[in-house]
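Scroll down for the structure; my scribbles are underneath it.
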Amino acid sequence: MSGVLTPVTIVCEGAVDRNVLVRVLETRGLPIGPVHETGGKARLDRQLAGYVAAARFGPWVVQRDLDADADCAPALVARLVPVRVAGINLIVPVRQTESWLLADRAAFAAFLGLAAAAMPEDPEALADAKAEVVRLAGRSRRRAIREGMVPSVGSGRKVGREYGGLLAEFVAGSWDPDRAVSGGARSLAKFLERIERFRRFGHWSTPASG
Amino acid sequence: MRTCVPADGMQAVCCPPAGDLPLSAALLPAGRPAPFHARHLPKAPVVMALRSDLRFTRLVLKNWRNFGLCALDLAPRAFLVGPNASGKSNLLDVFRFLHDVVATGGGLQAALARRGGVSALRALHARRDSEIRIVATIGTDADRALWRYELGFRGTKNEAATITTERVTRGGTLILDRPGAEDLDDPRRLTQTHLEQISTNRGFRELVDFLASTEYLHVVPQLIRDPDRLTSRHGSMFGTDLIERIAETKGRTQQSRLDRITKALQVAVPQIENIDLQQDARGLWHIRAKYQHWRPQGAWQTEESFSDGTLRLLGLLWALQEPGGPLLLEEPELSLHPAVVRRLPALFARAQRGRGRQIIVTTHSEALLADEGIGLDEVFLLRPQQEGTEVVAANEMAEVRALLDGGVSLGEAVLPRVAPARPEQLSLLDL
């Protein structure tokens with residue numbers, strides 16, 4: 001498509017999702033607009049109607065993990081955005097954005113300080129990709145990875161104190177979306193297809209990537 | 001378990017860019033900590049070296065300001081949340097009090113006088129038992145109860161406070177237990193702690209040095225901008241000597257810290273290109289920043305023109321890079337954009353990687369608590385009750401865990417539990 005593309009507004013659940021979405025859009029040369037980091041899916045779901053309404057005025061990408069909230073991404077999309085809106089692109093990583101990182105197997109294994117063979121074969125088949133990342137980090141040869149990404153005893157959280165910061169380093173420095181698609185990130189492949197469509201035609205075609 | 005403990009428990013305690021903000025990445029710790037150097041008013045004693053991994057691991061209080069009886073198990077990083085006037089700053093003040101007791105020119109009586117005396121300190125709820133007692137346990141990850149210091153005292157408006165208990169335990173062994181026979185012989189001895197006297201604290205200097213190393217920081221931009229800041233009656237805790245501290249740090253250490261600060265500041269203030277120091281004709285140091293500008297050379301501005309947020313962030317970034325003991329931060333979110341605030345916990349965690357400086361923070365910020373790596377054992381809720389403020393660790397609250405499991409952020413889960421009951425009354429007032 002000729003002309004200048006309108007900056008894309010991003011909505012995401014957390015810091016890791018933000019970095020991944022920004023990296024994807026940057027690698028595809030899309031200008032990035034405001035970023036809404038909701039701090040979890042509960043608030044995102046609550047505010048979705050507002051995002052949908054605002055998407056009439058420009059392109060929006062909304063990321064929301066599938067988790068165990070539906071059997072598949074299309075089912076979750078149909079529930080969250082029953083009516084199609086041209087401006088909004090609801091991205092549903094299966095089942096968490098971390099599966100897209102795991103899918104860039106060699107690079108992520110090197111970052112974690114593990115052998116590539118330790119990485120899961122099909123990251124989108126994992127029930128909890130975030131837990132898998134934390135589990136793998138716990139086996140890392142790198143102390144900073146082990147201590148930063150794995151929650152301490154008594155923390156009560158799923159991730160360690162430096163989880164977001166360390167993954168930001170990986171995403172900005174090494175992660176490659178195309179390699180991740182080759183490594184089995186099928187929900188990311190749909191996102192990339194949609195971005196390609198947006199670059200060519202100026203719209204996302206359908207409201208969801210699922 | 002609730003953190004409030006029974007009275008006899010006191011004795012039992014022994015032991016806006018698009019991508020992620022590279023704020024934490026800008027603060028990479030460099031090497032081992034330099035010899036400890038406390039900078040306070042009153043001055044801390046000269047300390048040659050202090051192991052960097054010592055921290056407060058547990059604190060038990062009785063009748064201290066807002067608190068009836070409470071206990072906290074402290075991680076290397078802690079966040080205190082609570083409604084206004086619930087006692088967040090008063091809790092930080094315990095650590096400052098212990099610092100003041102051991103500081104040069106300090107001592108128990110001076111530390112009490114600075115706070116208006118025992119009667120001003122004692123909890124209003126302390127009707128029958130008027131004793132104030134502090135039990136601080138200090139240790140490392142490997143040995144959480146390396147040191148334990150217990151101090152009890154009471155007093156009236158017109159008399160010097162009297163020590164009722166002073167105990168030092170090292171590795172479970174009691175090495176000081178007062179009052180002893182000499183104290184009973186000469187009761188005036190009980191107006192001074194053994195902690196504050198060089199002649200009596202020889203057996204526990206590490207404990208003394210640790211308590212002296214605590215630093216409280218609540219940067220007040222107006223005070224930093226004041227050209228007469230060094231003669232200000234306000235102490236360094238408000239950042240009045242920040243620029244001098246930077247100037248005193250020599251050579252490559254200063255440069256590498258300023259380079260990291262520049263990188264981090266650029267996240268919040270992208271127009272900043274460079275930072276340096278300059279001394280004026282009076283000998284007063286100024287910090288300057290070069291801002292991108294429509295002029296090709298850019299424009300230099302000194303701290304007098306810096307925004308509140310820039311100065312606060314600068315003070316915070318410098319303190320995080322300085323070696324030292326526990327760092328007490330009062331609402332670090334003030335004047336900062338939430339996108340920056342959201343990355344502060346990661347910044348703290350990263351800064352702690354190399355030098356292990358304990359960081360205890362008060363906050364009202366949902367953005368600050370949004371970091372999914374904040375442990376529930378790092379968050380303490382202060383809730384005013386009839387018998388004094390109750391302190392509850394977030395990991396003791398089943399409903400908080402349930403909310404997090406349901407995808408709610410920590411701030412959203414915790415802050416309503418420490419909010420004022422009737423905030424709507426404020427909007428109904430005719431002013």
Side-chain angles (χ1 to χ4, degrees), chain A residues 7-10 12-23 25-26 30-46 64-65 67 69 130 134 143-144 147-173, chain B residues 16-29 73 75-77 141 338-339 341-354 359 366-379 393-398 400-413:
Chain A
V8 177
T9 302
I10 295 174
C12 56
E13 290 186 45
V16 174
D17 312 300
R18 174 193 190 118
N19 291 311
V20 168
L21 292 183
V22 167
R23 174 96 174 128
L25 294 179
E26 276 177 354
L30 290 192
I32 292 155
V35 181
H36 300 239
E37 206 176 302
T38 62
K41 62 186 176 184
R43 178 174 287 173
L44 189 148
D45 290 356
R46 251 188 352 256
R64 203 283 199 190
D65 283 346
D67 290 333
D69 298 329
K130 187 187 289 258
V134 171
R143 186 176 164 183
E147 293 186 353
M149 293 180 67
V150 180
S152 58
V153 176
S155 147
R157 303 304 294 271
K158 291 176 178 161
V159 302
R161 297 169 4 133
E162 290 194 66
Y163 182 81
L166 287 165
L167 286 186
E169 259 181 55
F170 168 67
V171 171
Chain B
D20 192 29
L21 306 169
L23 200 56
S24 55
L27 265 201
L28 279 168
D73 285 310
R77 189 179 64 168
D141 282 341
V341 173
R342 230 174 255 138
R343 301 298 176 248
L344 290 181
L347 181 76
F348 298 158
R350 186 140 188 163
Q352 286 182 314
R353 226 197 259 172
I359 298 172
E366 191 176 320
L368 191 127
L369 295 172
D371 187 311
E372 62 178 337
I374 295 177
L376 299 184
D377 55 347
E378 295 183 296
V379 179
N395 63 354
E396 296 164 16
M397 304 176 78
V400 168
R401 284 173 182 270
L403 284 164
L404 296 178
D405 287 343
V408 174
S409 74
L410 179 60
E412 213 182 340

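The part of Ala144(A) that comes within reach of chain B is its side chain, from C-beta onward, which places non-hydrogen atoms under 4.5 angstrom from that chain. With a threshold of 4.5 angstrom between heavy atoms, Arg342(B) approaches chain A through side-chain atoms but not through N, CA, C or O. Looking at Leu44(A), there are no atoms closer than 4.5 Å to chain B (heavy atoms on both sides), in backbone or side chain. For a residue to count as touching a neighbouring chain, one of its non-hydrogen atoms must lie under 4.5 Å from one of that chain's; by this rule Val171(A) does not touch chain B.
Residue Thr38(A) holds its OG1 atom at 9.0 Å from CD of Glu412(B), rounded to the nearest 0.5 Å.
Ranked by heavy-atom pairs shorter than 4.5 Å toward chain A, the options Gly373(B), Ser409(B), Ala370(B), Pro338(B) are led by Gly373(B).
When all heavy atoms of Gly406(B) and Ala42(A) are compared, the closest pair comes out as O-CB, 4.1 Å.
The residues Glu372(B) and Arg161(A) are annotated as not salt-bridged, no charged nitrogen and carboxylate oxygen being separated by less than 4.0 angstrom.
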For residues 147-159 of chain A, please give each side-chain donor-acceptor pair under 3.5 Å, one per line with the distance, not counting sequence neighbours.
residue	atom	partner	partner atom	Å
Glu147(A)	OE2	Arg143(A)	NE	2.9
Ser155(A)	OG	Arg157(A)	N	3.1
Arg157(A)	NH1	Ile374(B)	O	2.8

For this session: Give the intermediate values and the outcome of salt bridge (Lys or Arg N to Asp or Glu O under 4.0 Å) for residues Arg343(B) and Glu162(A).
Result: CA-CA 10 Å; Arg343(B) 301 298 176 248; Glu162(A) 290 194 66; over 6 Å; no
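Under the side chain to side chain contact (heavy atoms under 4.5 Å, CB included) criterion, Ala75(B) pairs with Glu378(B), not counting sequence neighbours.
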